[in-house]
Trainee: 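Here's a structure for you.
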Amino acid sequence: MSTDKKDTSSMEKLVSLCKRRGFIYQSSEIYGGIGGFWDYGPLGAELKRNLRDTWWRAMTREREDVVGLDATIIMHPQIWKASGHVDTFTDPMADCLLTKKRFRADHVDLQSGMVYHFTGATGEEGTKSDVPFAVLTPFGKPRESALKVAKLFYESRGVKTPEPTGGEQGEKVENTRAYNPENGAQLTEPRPFNLMFKTYVGPTATEKDVAYLRPETAQAIFAQFRNVVDSSRVKVPFGICQIGKAFRNEVTPKNFTFRSREFEQMELEFFIKPDEAVEILAGSVVTWSEGADLSAPQPNWGWDMWHRYWVSQRVEYYNSIGLGTDVLDYYWQGPDDLAHYARACVDILFKFPFGTEELEGIAARGDFDLSQHQKHSGKPQEFFDDELKVAAAKLTDEQKEALIQKRIAFEAAKTKGTPLTEAEVRAWFDRLFKGFYVPHVIEPSAGLDRLALAVLAQAFTEEEKADVNGKTEVRTIMRLHPRIAPIKVGVFPLLKNKPELVGKAREVYDLLKKHMNCFYDETAAIGRRYARQDEAGTPFGVTIDFETLGEKGDEFKDTVTVRERDSNAQERVKISDLLGWLLQRLS
RNA sequence: GCGGGUGUAGCUCAGUGGUAGAGCACUUCCUUGCCAAGGAAGAUGUCGCGCGUUCGAAUCGCGUCACCCGCUCCA
């Protein structure tokens, strides 16, 4: 999925600019830093807030069919049991002592054979090792093959032409997972490899009190599904969205903020009717075909139409904040990549300097999550659809049986997971015909920190420019979309030693600052102030000059120079029109 | 977790055992009529951290932390 394209130098420049200008700092830097954690400085905090706001607006405020949620980071541990995170996040891992290859300790093939235990080795030039090592050889293979592996092992530990000691007698061992099946070398002791941060709730800190920092925000949405349904008059199809911190104890945090241990997710769980319910209600189900109209949801849409719809919605969102089709890419997971419960998943990728990597995943997850919580909590997670009940009541027994048979055939054709038995299918339809179903879900899940990194990488531009002395130098411009730029406008008196200019500039600043994030700057030459704001990504600069004071005639009195970051173009705007002029260009 | 690299002023970096430096940035003042102007003065360092070797360590050794690259991992 990731490409070979690497651009380390531009990444380094970006990291450096982020620190210099106050976008992103290393966490706890004065104590040497802490791996995988990053802080946002003054500009970064504003940028992130703007991104968060644009997402929240696009996903819920501007829609009638999505509501918001803000849940806690620490939740009942059972939630992570139900979701499968406790099991998949606690894999014991073991490494091959010879090749360093890592295995899931419980997935190593069972082996039987003779195990030779070595106690160390001596070699030329006085080199030696006391590290014990063991090799498993299949029955019937000579001791020499074990010796060969042991020699390689001690050689790798700096013993020259090693003579391993011990290991004269083989020990018969059956059904062990302690040795590398590829070379027989001993594996390290299995170590738990828990990607969830663990903590204790309450004062006693026993195993009974273990809780986890959430590794994703999605599960809270599922866990509160019933409450939202019961309290907010929503009807399927509808969505619940949430923005919040999530934590994963990553093995290798990487690529600046791209893979962090603490990060912020923006997730939507959009609940839809099962296709069978759509068929009963609308008479037929529309499935995806190339060129289908995705502009407005329709009552007869099947799950894949909804999935495609959300992909197109999300791409539209990225376009609206300046990430165009030229920097985005897609990865459609094939049937083999998909988890057994998932029906489809597409990753929206961004062309980062370090490669093309995931920005957002949009998954069609069926009814897996709510069903899991229904099973584990014992609380029904069904939605009651009275229209469906009415429509189903009008079906003939033959029509009902046809639907059931179709599903039975579908289950029989499944290649992944456990297919439902006929009895289970009939029980499910029994509920469905009464108007009850567990909604299916489309999940667009985006990383806010990744998005911030993407827009910063996208905005980063270097230009060669000659200064007034004719010396060419490289200037950095952050071409952030005005909608997300941390500072919207810089306000500058042309000269700071003229009190009339300064006074007027402060007036303009006071006028604008209630409506947008502004920056007032009167130090240094005007060109330098423009350049500073270019690095901060500020799209507009307003300069109060002598025309403003009326020195060039009344037609210019109370006008200011507005300078645009990307084109350097200047325009004279009346102070009375300035706010409207800016707001129009910032929305 | 493994291997390689890096770590000195806010930034980019120089400094191979003997008083810690440069450019840019920053602060103040003067000057300055639109794209990093000029002049003057000034402030700025646990040399990543710890231990050791040494009369003396940014420099040598060991350990450790962080970042980058490559493995490994990535529900």
Side-chain angles (χ1 to χ4, degrees), chain A residues 1-2 6 8-9 11-13 15-22 25-38 41 80 83-91 93-104 156 188 191 193-196 215-216 218-219 248-256 258-259 339-342 354 357-358 361 363 463 465-477 492-498 501 523-535 541-549 551-552 560-565 567-570:
Chain A
M1 153 177 21
S2 67
K6 294 256 183 330
T8 326
S9 78
M11 201 54 205
E12 279 168 12
K13 284 180 192 165
V15 173
S16 163
L17 176 116
C18 282
K19 184 180 177 187
R20 181 158 42 88
R21 283 292 161 182
Y25 313 124
Q26 198 183 359
S27 168
S28 320
E29 197 187 272
I30 60 166
Y31 289 101
I34 174 164
F37 296 91
W38 301 91
W80 308 113
S83 69
H85 284 86
V86 169
D87 297 330
T88 55
F89 271 54
T90 50
D91 302 336
M93 305 298 285
D95 300 333
C96 172
L97 284 172
L98 183 60
T99 62
K100 309 293 181 199
K101 184 171 172 174
R102 173 161 290 167
F103 295 88
R104 267 188 66 167
S156 74
T188 59
R191 281 166 305 201
F193 215 69
N194 197 337
L195 284 180
M196 279 200 290
E216 60 169 43
Q219 292 307 319
R248 294 179 199 182
N249 206 352
E250 295 286 353
V251 188
T252 318
K254 235 176 115 149
N255 288 327
F256 198 27
F258 182 80
R259 184 180 294 146
H340 67 87
Y341 50 81
F354 49 80
E357 295 281 358
E358 183 182 347
E463 263 183 18
K465 204 162 167 180
D467 68 14
V468 270
N469 298 329
K471 203 177 85 186
T472 55
E473 55 182 12
V474 178
R475 304 175 46 152
T476 305
I477 305 165
F492 318 118
L494 184 60
L495 300 172
K496 79 164 169 185
N497 59 352
K498 300 281 183 290
L501 290 176
T523 64
I526 188 71
R528 181 182 297 264
R529 282 178 267 168
Y530 287 150
R532 282 176 187 157
Q533 291 308 307
D534 285 348
E535 281 201 336
V542 169
T543 303
I544 285 72
D545 49 29
F546 292 96
E547 278 100 320
T548 316
L549 303 178
E551 292 190 4
K552 291 282 171 66
V560 291
T561 303
V562 183
R563 179 256 192 190
E564 204 271 326
R565 177 195 64 206
S567 62
N568 290 357
Q570 300 199 344

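Each chain gets a letter, A, B and so on, in the order its sequence line appears, and its residues count up from 1.
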Trainee: Rounded to whole Å, please give me the gap between CZ in Phe546(A) and P in C34(B).
Mentor: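 The answer, rounded to whole Å, is 10 Å.
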Trainee: Could you list, one pair per line, each protein nitrogen or oxygen that sits under 3.5 Å from a nitrogen or oxygen of nucleotides 39-47 of chain B, together with the distance?
Mentor:
from, atom 1, to, atom 2, distance (Å)
U46(B), O4, Ile30(A), O, 3.4

Trainee: Please tell me which of the listed nucleotides, C11(B), G33(B), C74(B), lies nearest to the side chain of Ser16(A)?
Mentor: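 Out of C11(B), G33(B), C74(B), the nucleotide with an atom closest to Ser16(A)'s side chain is C11(B).
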Trainee: May I ask you to evaluate whether Lys254(A) reaches the phosphate of C68(B), defined as a side-chain N or O under 4.0 Å from OP1 or OP2?
Mentor: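 Answer no for this pair, as no side-chain N or O of Lys254(A) is under 4.0 Å from OP1 or OP2.
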Trainee: Would you say C73(B) has OP1 or OP2 under 4.0 Å from some side-chain N or O of Asn249(A)?
Mentor: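 Negative; the distance criterion is not met.
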Trainee: Would you say G10(B) has OP1 or OP2 under 4.0 Å from some side-chain N or O of Arg20(A)?
Mentor: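 Negative; the distance criterion is not met.
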Trainee: Between atom CZ in Arg475(A) and atom P in A37(B), what is the gap in whole Å?
Mentor: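 My rounded result for the distance is 9 Å.
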Trainee: Using atom P in both nucleotides, what's the gap between C26(B) and A58(B) to the nearest angstrom?
Mentor: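 31 Å, rounded to whole Å.
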Trainee: Over how many whole Å does the gap from Ile544(A) atom CD1 to G33(B) atom C1' extend?
Mentor: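 The distance from CD1 of Ile544(A) to C1' of G33(B) comes to 14 Å, rounded to the nearest Å.
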Trainee: Does either side chain, that of Arg20(A) or that of Thr476(A), offer a donor lying less than 3.5 Å from an acceptor on the other one?
Mentor: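 No, because no side-chain N or O of Arg20(A) sits under 3.5 Å from a partner of the opposite role on Thr476(A).
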Trainee: Between the protein and nucleotides 26-28 of chain B, which nitrogen or oxygen pairs are less than 3.5 angstrom apart?
Mentor:
from, atom 1, to, atom 2, distance (Å)
C26(B), OP1, Arg532(A), NE, 3.3
C26(B), OP1, Arg532(A), NH2, 2.6

Trainee: Rounding to the closest angstrom, what is the interatomic distance between C60(B) and G18(B) at atom P?
Mentor: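 These two P atoms come out 11 Å apart once rounded.
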Trainee: Applying a 3.5 Å limit to both distances, which nucleotide forms a Watson-Crick or G-U wobble pair with U64(B)?
Mentor: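 Answer to the pairing question: G48(B), which forms a Watson-Crick or G-U pair with U64(B).
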Trainee: For nucleotides U32(B) and G38(B), find the distance between their P atoms and express it as a whole number of Å.
Mentor: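 Between the two P atoms, the distance is 15 Å.
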